[in-house]
Each structure stands twice: as structure tokens, then as C-alpha cells.
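For reference, the structure discussed in these notes is given below.
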Amino acid sequence: MPVDSVENTIRTAVATALGEVGLEGLPSRPAEVHLERPANPDHGDFSTNVALALAKRNGRNPRELAAELVGLLEAADLAHVEGIEIAGPGFVNFRLAPTWLHERIGLVVAEGSGYGRSGMGGGRRVLVEFVSANPTGPVHAGHARGATYGDALARVLEFAGFEVGREFYINDRGVQMKTYADSLAARAAGEDPPEGGYMGAYISEWASEMPEGADPLEWGYEFALAEQRRVLGALNVEFDRWFSERDMVATGAIETTLEDLRDRGVVEDRDGAVWLRSTDYGDDKDRVLVKSDGEFTYLLPDIAYHRDKFSRGWQLLVNVWGADHHGYVPRMKAAVQSLGHDPDDLEVVITQLVRLEREGSEVKISKRSGDLVTLEELIDEVGADAVRLTYLLQSVDSPQTVDLDLIVAQSNENPVFYVQMANARLNSIDRVATERGFERLPLAGVDLSVLTHERELAVMRVLHELPAVVELAARERAPHKVTTWVRELAGAVHGFYHDCPILSPDTPEELRQARWWLAESARIGLRVGLDLLGVSAPEAM
RNA sequence: GCCCCCGUAGCUCAGCUGGACAGAGCGUGGGACUUCUAAUCCCGUGGUCGCAGGUUCGAAUCCUGCCGGGGGCGCCA
């Protein structure tokens, strides 16, 4: 059952050997033995630095200590291990027989679409809130980063054993709604929007669809929401709940929250306004909850919303915000604490800005000025898969430059083709095999030990990494690590496909069967990875 | 002024809890299609990992300072 059985075997043996040597500062559990996959194949399949790490505090020479360990480990006669060597300043390297990788195929095939799934999350209930664009315009190319990231993160967290919810918070009240409605009304009447209004071309287009006599605010609200939902759906992004700010007004949740905060003694009245003493919780200044004119600031409904999230049993809140909102993190953290929660119960992931370029110069995204690249245009031009993979290529910590000309060009500079091609090729094997009357035998009867070609081993090595990649991506909230892995697997598949023919008459039947199952496990792996990214895996291209 | 993110090959970016000569794609130069899709594969080219200190047996990775770039510091959302 343990996915990392080889690693566990080695770790346990190392821990045991260390115990026999009798050293200070030993790892308390085998899992703490540092074991890594060396980048250099000359350094074996696995390597540990324990001799280096423990030498100094035990007054030992690292290489001598390593030698002692090697002696004990060799005597243990570990499964799959062909050679144990000391290298460099005191690394202990393990060289394994390919058999350790052959097991992987059976595992992947047995687990299928569940391969790589982890129980790491332990069922902890995590609510991911993302996009949350104002209902005053279309989602645009800038929203796509948060949308794809939040959705992929949710998928990764689910796969890693968390119970996950996805929500979109709708700021459906406040001044921006009125500005939007006024702009719509003006365009509908054939006039320019008022000072400070929305100048975007979409306002005119939408206004032309507004029925005679409709309330611009209500009609505009519903229309914008429907548009956002439709376009995000086209990007394969769905939410469990669209949470309306207005609903909290209707239910009195905002007032209730304010009373709650008063009861907790964290608010005070000052200068005619109501303040949250957020400085008590690390914010750099106190924040106004109710303005002196009696209106709520945006903050109070936000607090009420987060209070609501917790009240529904969510244990960890992950908010995906754009870089322009990072300044609000301390006050939201303070707000969460003022409600009696741990500040770590709220995590805010800041996605850095996307710079869009076309013909080498920047394309600005501004709703007010109207120079907008809508998400829909992007999807229409390149497809949802390319949009998703492009945005999921790199860490959201890094500013991203997206060259619209390139992803529109559908050239080989777009990695989505590379990855989907690998999948299509694997599928074509099955297709052609059927045409030619080849039959794949049950895996149990196939001898996988004939898989010794470097191309074959490379595919198995990459497949082996997926469980660790899933856990890492979940722990670090970094779904782009899955993207990197998928690209690596696709690369290994292309090499394998090129050098290891399956249906060729020159391929011995025994080898054909083994390779065929390897191809099948690679196909499963690609599909799992692509599913985590929300990218489709077409069978043919 | 204070806070956050980034600064790795000509370009766009990976680099897991520090590890053994720094990677990928694109670009560029040269090869491979009577054989399961050449949207592929192979070989070559290309880097003072922003700079300077520090911690460490060992730093692209951790700490400090500085220099660049981006974003933010409202009784606006």
C-alpha cells in the first residue's frame, strides 16, 4: 500500500543502521531520514546526507561514518538495492535495480485515476475563495490568473485529501454598482457615461441589449453575473456557491457581525464613526467599519462574510487576491482574530500581476478606460486549455508576462500542444493496435523486467514522482508544480514513443506487452496531471 | 518613508523542506520521417543564479544590507 515503499525501506534501514552506530541527534522516525533523488545519474537512484549531517556533532569524520553505515546497510540486503557507495564529502548513494521502477506500473494501473491521491489533508475543510470580480463588467484577461490558479488549487487540495469548497464573493452593493448602472443608462440613452463612469466599449454593447424600461442597476447586475458565470464556465471554472453581499444585508448578518464584534470589545466609536481596533491584532492602523454618514465600509461586509464562512464549518479559508489587494491582508487577518479565530485560519494567496503584451508592447487592462482584453476573447482565440495551461505555467508569486501573439499563434511555443500531443500519441497506439489486431494481455501475466531501455526507465521515474508532487503542490499551494511535472512526463513520453516502438513487427511480443502497459500507465499519469490542472486530454489531435 | 512580490542562458520561466559539475521551452547552428501522429526526437550553442556580507562541511535555495522592476499603504471597493 505505501506508495513510497522503496524509499521507506531505505529510510528504515538507514535509521536502524544509525541506531546501531550509536550517535547523537538521530532522526526520531525513519520518515525524517533525508533521502533525495540525485540530479546526476552517476550518484545513483537515491542518496542520503545523514553522515554529513551527523558527523560534526558526534565528532566523527563524515566519510568514515558513511563507511560504517554502508557496511551495515550492505549487510541488511535491501530489496532492489544493487549497490551502496560513498561519494563526495560523505554522501551515501544507493544504486537500484530497474525492478524498483517496474512495480510502479502495476501501482499506477491499479490506482488509475486515483494514482497520486493523498490523505495528507486528513479531511480538513478548506474553502477557497477566488475571482470575486465586481458584477460591473466582464471577466478579463487579468482575472484569468486568479481563476485558473484558484480552480487548480482547489483540485489539488481535493486530491491531497482536503474537503474543498469554491466560492465567488459578489460585491453587489456599493458605489461601483451605481457607477456601472449610470454608465449603462447613459449609453442606452445614446449619451456618454457621467464623469468617472465606465468608458469601456462593453458598456455600450450591453446597454444595447437592455430592454426598454429595465432598471439599469438590477438588469445590469444580473447580466454581468450571468456573463461572468458563462465565461468562467467556458474556462472550466465552476463554483459551489456565489455568495452575495446583498444577501447579508437582507438577513441582517452584517449588523449581527457588528454586534458580535462589539460584544468582543474590539470596536469603538470615534469621530462619529465605528472603528475596528485592528491594531490590537497587528494591523498598522485601526479601520473604519461604519462611516460617519452611517454607511458601511467594504470591510464590515467582508468580515461578516468571513464570519459566515467559519460558521458553515470551514476550518481553513484560502483567499486568492490580486497583488493590488495585498495591503488588505493585515486587516483581514486582524478581523479574523477579532472574531476569535487563529490568524492562520485565513491564508491569503496574492497573485502577482499579469502583463499582457501584443506585438511587443503592453496591453493595459482597465475597466474604466475600456482597453479591455476579455477572458472570452482569449478563450475564443486559443481555447480554454491553452489559457489554463499558460496561466498555470508558473508560480503566482512571480509577475507573469503573457504574449498574446504567441498563445494565439497556436505554435509549438505553446506547451499545451506538447502535452496534449503526448497523450494523443499514446491513445493512437491503442487505436492502431485495434486496427492491426494486436491484443494486450492482462498485466499480471506480463513480464515487466524486460523494460530496461533508458527511455522506458525515464517514464517510470517521472511517474514515480507524482505522489510527492501532489503533496508538495498542495502544501505549498502551488499547482504550477503539477504543470511542471506534466511537462516532464510528456517529455519522457515523447522520447519513449520515439525510441521504443510497440506495434512494430520488429518488437518481440514480450517486450511489446511490457511497453504497452508502460504506455498505459503513462497515459493514466498524464490524465491525472491534466485533470488536476483542469486541462482536457483529447485522444487525438 | 513603510509593507508585499520578483531579479537564474538572447527571450519566457522551472529549480521540493540548503547538497555533489545550475535546468526546460523558445531562439540560434546541424542532424533524424518506406516504421504506433516529425505539433516529435537527437547533437551543438548559450548563465559572474542582481550586488555585497553572514550562517553552514556545503547557499540559486536560509539571514542582513544595498541596487533594479512591479504592486500597495483612504470614513474607495
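Numbers restart at 1 for each chain; the letters A, B, ... are given by sequence-line order, proteins then strands.
Nearest to the side-chain atoms of A:Gln394 among the listed nucleotides B:C57, B:A20, B:C13 stands B:C13. Proximity note for A:His494 (side chain, C-beta onward) versus B:C75, B:U40, B:G74: the nearest is B:U40. Relative to the side chain of A:Pro399, the nucleotides B:C6, B:U12, B:A39 differ in distance, and B:C6 lies closest. Ranking B:C13, B:U35, B:U37 by closeness to the A:Arg436 side chain, first place goes to B:U35.
In this structure B:U61 sits in no base pair that meets the Watson-Crick or G-U test at under 3.5 Å. Of all nucleotides present, only B:U40 satisfies the Watson-Crick or G-U wobble test against B:A32, with each distance under 3.5 Å. Under the Watson-Crick or G-U wobble criterion, with both distances below 3.5 Å, B:G25 is paired with B:C11. Using the Watson-Crick or G-U wobble rule with both distances under 3.5 Å, B:G68 pairs with B:C6. Shown here, B:G1 forms a base pair with B:C73; the pair counts as Watson-Crick or G-U wobble because both key distances fall under 3.5 Å. Searching all strands for a Watson-Crick or G-U wobble partner of B:U48 with both distances below 3.5 Å returns nothing. If you check B:U56 for Watson-Crick or wobble pairing at under 3.5 angstrom, you find it has no partner at all.
Nucleic acid contact class of A:Arg60 (heavy atoms, under 4.0 Å, all strands): none. At the heavy-atom level, A:Ile350 lies nowhere under 4.0 Å from the strands shown. Across all strands, A:Ala478 comes closer than 4.0 Å to no nucleic acid atom at all (heavy-atom distances). Note on A:Arg475: nothing from the nucleic acid sits closer than 4.0 angstrom, heavy atoms only. In this structure, A:Pro501 reaches the bases: a heavy-atom distance under 4.0 Å links it to at least one base atom across the strands shown. Residue A:Glu488 is classed as having no contact, given no heavy-atom separation below 4.0 Å to the nucleic acid. Nucleic acid contact class of A:Asn49 (heavy atoms, under 4.0 Å, all strands): base. Residue A:Asp172 is classed as having no contact, given no heavy-atom separation below 4.0 Å to the nucleic acid. A:His325 comes within 4.0 angstrom of a base, heavy atoms only. Contacts of A:His43 with the nucleic acid, taken as non-hydrogen atoms under 4.0 Å apart, include base atoms. Within 4.0 Å (heavy atoms only), A:Ile502 reaches at least one base atom of the nucleic acid. Among the protein residues, A:Asp271 comes within range of the nucleic acid bases, having at least one heavy atom under 4.0 Å from a base atom. Residue contacts for A:Ser428: at a heavy-atom cut-off of 4.0 Å it reaches a base atom on one of the strands shown. Counting any heavy atom pair closer than 4.0 Å across all strands shown, A:Gln400 reaches sugar-phosphate atoms only and no base atom.
The aromatic ring centroids of A:His494 and A:Tyr418 lie less than 6.0 Å from each other. For A:Tyr305 and A:Tyr169, the distance between ring centers is under 6.0 angstrom.
A donor-acceptor contact under 3.5 Å is formed by the side chain of A:Ser292 with the base of B:C75. Evaluation of atom-type donor-acceptor distances gives no pair under 3.5 Å for the side chain of A:His326 against the base of B:C5. The base of B:A14 is not paired with the side chain of A:Thr483 by any donor and acceptor separated by under 3.5 Å. Looking at A:Asp324, its side chain has no donor and acceptor atom pair within 3.5 Å of the base of B:G72. On a pure distance criterion of 3.5 Å, a polar donor-acceptor pair joins the side chain of A:Asn93 and the base of B:A20.
No more than 12 heavy atoms of other residues, nucleotides or ligands lie within 6.0 Å of CD in A:Glu439, so this atom counts as exposed by the packing criterion.
Between A:Leu353 and A:His34, it is A:His34 whose nearest contact on RNA chain B lies nearer the 5' terminus.
Against the 90° criterion about 0, the sugar-base torsion of B:C33 places it in the syn range.
Looking only at atom types and distance, the side chain of A:Asn93 has no donor-acceptor partner in the side chain of A:Glu85 under 3.5 Å away.
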